Amino acid sequence: MVTRPAPTTPEAPVRDEFLGPPECQSKKLTRASCDLVFCPPWERCIEGRCACKPPYLCPTEDVAPVCGRDHRSYRSYCQLMAVSCRTKKPIMSHFGEKCGESLPKFRSSIDPDRVVRVFIPDAESSEGGEELLVCWKIWNMAAANVACKENGHPLGAATADFVLYNSVKDDHSRRLPRSCVSVRCQGYETSLAECVIYDKARIGGRKVAAATCYDASQAPKEEECGFTCANGKCVSLNQTCNGVDDCGDRSDEMCCRDCRNGSLRCKTGVCLPPDALGDGQIDCLDGEDESQKYTMGNSEIHSDILKSSQQYVSPKKETIANRVHLESKLYCGIPNITTVDDEEVEERGRTNRVKRVVGGVPAKPTQIQWQIALVDNRKIDCGGAYIGGCWVITAAHCVRPNPSAFMVKFSLWQKTRAQNTTDIVPVEEIYIHPKYNASTYENDIALVQLEKLPYKDKCLEDNPAVSAVCVPWSAQLFQPNHTCSISGWGRTADGRASQVLLWANVSLIADCQGFYKDRFKPGMMCAGDLDGSVDSCQGDSGGPLVCEDELGVSYLWGIVSWGERCGQPGFPGVYTQVAHYFDWIRLHTGWPAVTKFNS
Ligand code: 4AZ
């Protein structure tokens, strides 16, 4: 196989309207930066990096067996990839039960004239499989990178292009295949065997896929490089922020102000390829790529691909099934709407509009289903949020390490009167953040573990008016100016605590350091509006600040913590940033209780 020098970029423009600022570039973000993107199902997110999962953690439902190049049969694609992830060797051969020594395994090669060949095993055929070329139609750098990596070039491809089939020489020693298959890779793959392979077709006189592999020794110098990938590879500037993983580590798609050629930009600054929209698999952390605006036209195209891929099973199907499975284990962030009764509520907040500090309106009796009231020696001075299982999150300044002094009231509306859905649960244990500082309110977060019901493995009876809110695993999930909501029984403008649960919308505010100077510490976050008309106040502490993603799933984004009085213009409310404490929360609650896809 030949390698050509990587294309030189004539001049390297310093600024680019698509590529994000140098501060972001210097972070060397890649596909493993799971504050910004999802890890594949065989990896999980630990401290912001995707790490290999133990194979036994792979889901076992809706999976198909796969055959490895080691002649071993694996239960699922996820299991094989988890092993491959640990050993750093490509193991995948093909989907299917048959995997004996006698059955040839998947392989790919790149001819001296750059034509890409694949051998696809087929237990039914007499030769044990078939050699094919790759169709040019959807061939791109992400796929060419995988082909080159698989054939001994760690930095992947320099170019993904085509060769005219008629010009390909039949070199007698090897028969030239008459058919080609379409290969769609995302870029994480270590072998073309791991990509979606579909649509076998006769080639005729058309173009077939070719790749020039990247040769680091002949690459342009750093100063002359359009964009230097995190892995050191050099790509041209117009290959960045186009949705395609040209680098091979996705670093060219991670820090984007805007995306080229109409590819979608997630709010985290990551550009997605067009085929990621509405394909049933969430790629943006907030689910924007699967929200209604994208699922309309696109789902047809995708079902086409799935139909034609009948011939060769696609790993994407299993990934989607894995996600559905993980999602079904963890139910959070979606209130039970049938129980939000809207008839019986007098919305006094609308009619006699006293300006309350929270600027809020009374909630409906079972509207905020994760809101709890923390009872401390019969008094309610704090709120909290139910995150599922036996766990409630509140502010550290609301509790002491004395569980017997506390009770948790679920589905409370009027502060002093239970409704028929109200449930009162004793507290088993209180975990205050070990670095909580009572004078600065740093790390103002605590976990309240509920007592189990007698002879049961759960802590509260099923209650249609109680739902868990999701715990965010990434501080990038919501951005400044996002509108979220707060709720509580705290003080209103007249200085008195509210008798019914109030709620209000607030915006997330960036650069809070500017308002509070060095009183503002890591792990804190501001929200409200700068004229001070909406704010949380004394008595709301520990209560939830909740943000909804593009799919309508609610996350506990903040915990009411402190502020310079209440409703003071220029002094927004300060909240504990829950995502900042994800690893600490998970340490106590365990993985399954809080983790959605990145587990
Ligand atoms: C408090 O004293 C308190 N304006 C809570 C929230 C805010 C101020 C004070 C935010 O518990």
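These numbers come from a predicted model, not from an experiment. When reading the values below, keep in mind they use all heavy atoms of this one structure, side chains included, and skip hydrogens, waters and symmetry mates. One is the number of the first residue; the rest follow in order along the sequence. For ligands, and for the atoms within them, numbers begin at 1 and follow the listed sequence.
Listed as neighbours of ligand 1 are D535, S536, C537, Q538, S541, V560, W562, G563, R565, C566, G573, each bearing a heavy atom under 4.0 Å from the ligand.
Note: F520 and W562 fail the aromatic proximity criterion, with ring centroids not under 6.0 Å apart.
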*Could you go through the ring pair (Phe, Tyr, Trp, His ring centres under 6.0 Å) check for W557 and F478 one step at a time?*
CA-CA 8 Å; W557 196 241; F478 299 100; 5.0 Å; yes

*Test ring pair (Phe, Tyr, Trp, His ring centres under 6.0 Å) on F38 and W473 and set out the steps.*
CA-CA 11 Å; F38 289 109; W473 69 91; 5.8 Å; yes

*Applying side-chain contact (heavy atoms from CB on, under 4.5 Å), run through V471 and V578 and close with a yes or a no.*
CA-CA 7 Å; V471 179; V578 177; 4.2 Å; yes

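Between K379 and D376 there is no salt bridge, since no side-chain N of the basic residue sits under 4.0 Å from a carboxylate O of the acidic one.
The closest donor-acceptor contact from the side chain of S507 to the backbone of N481 lies at 3.5 Å or more, if one exists at all.
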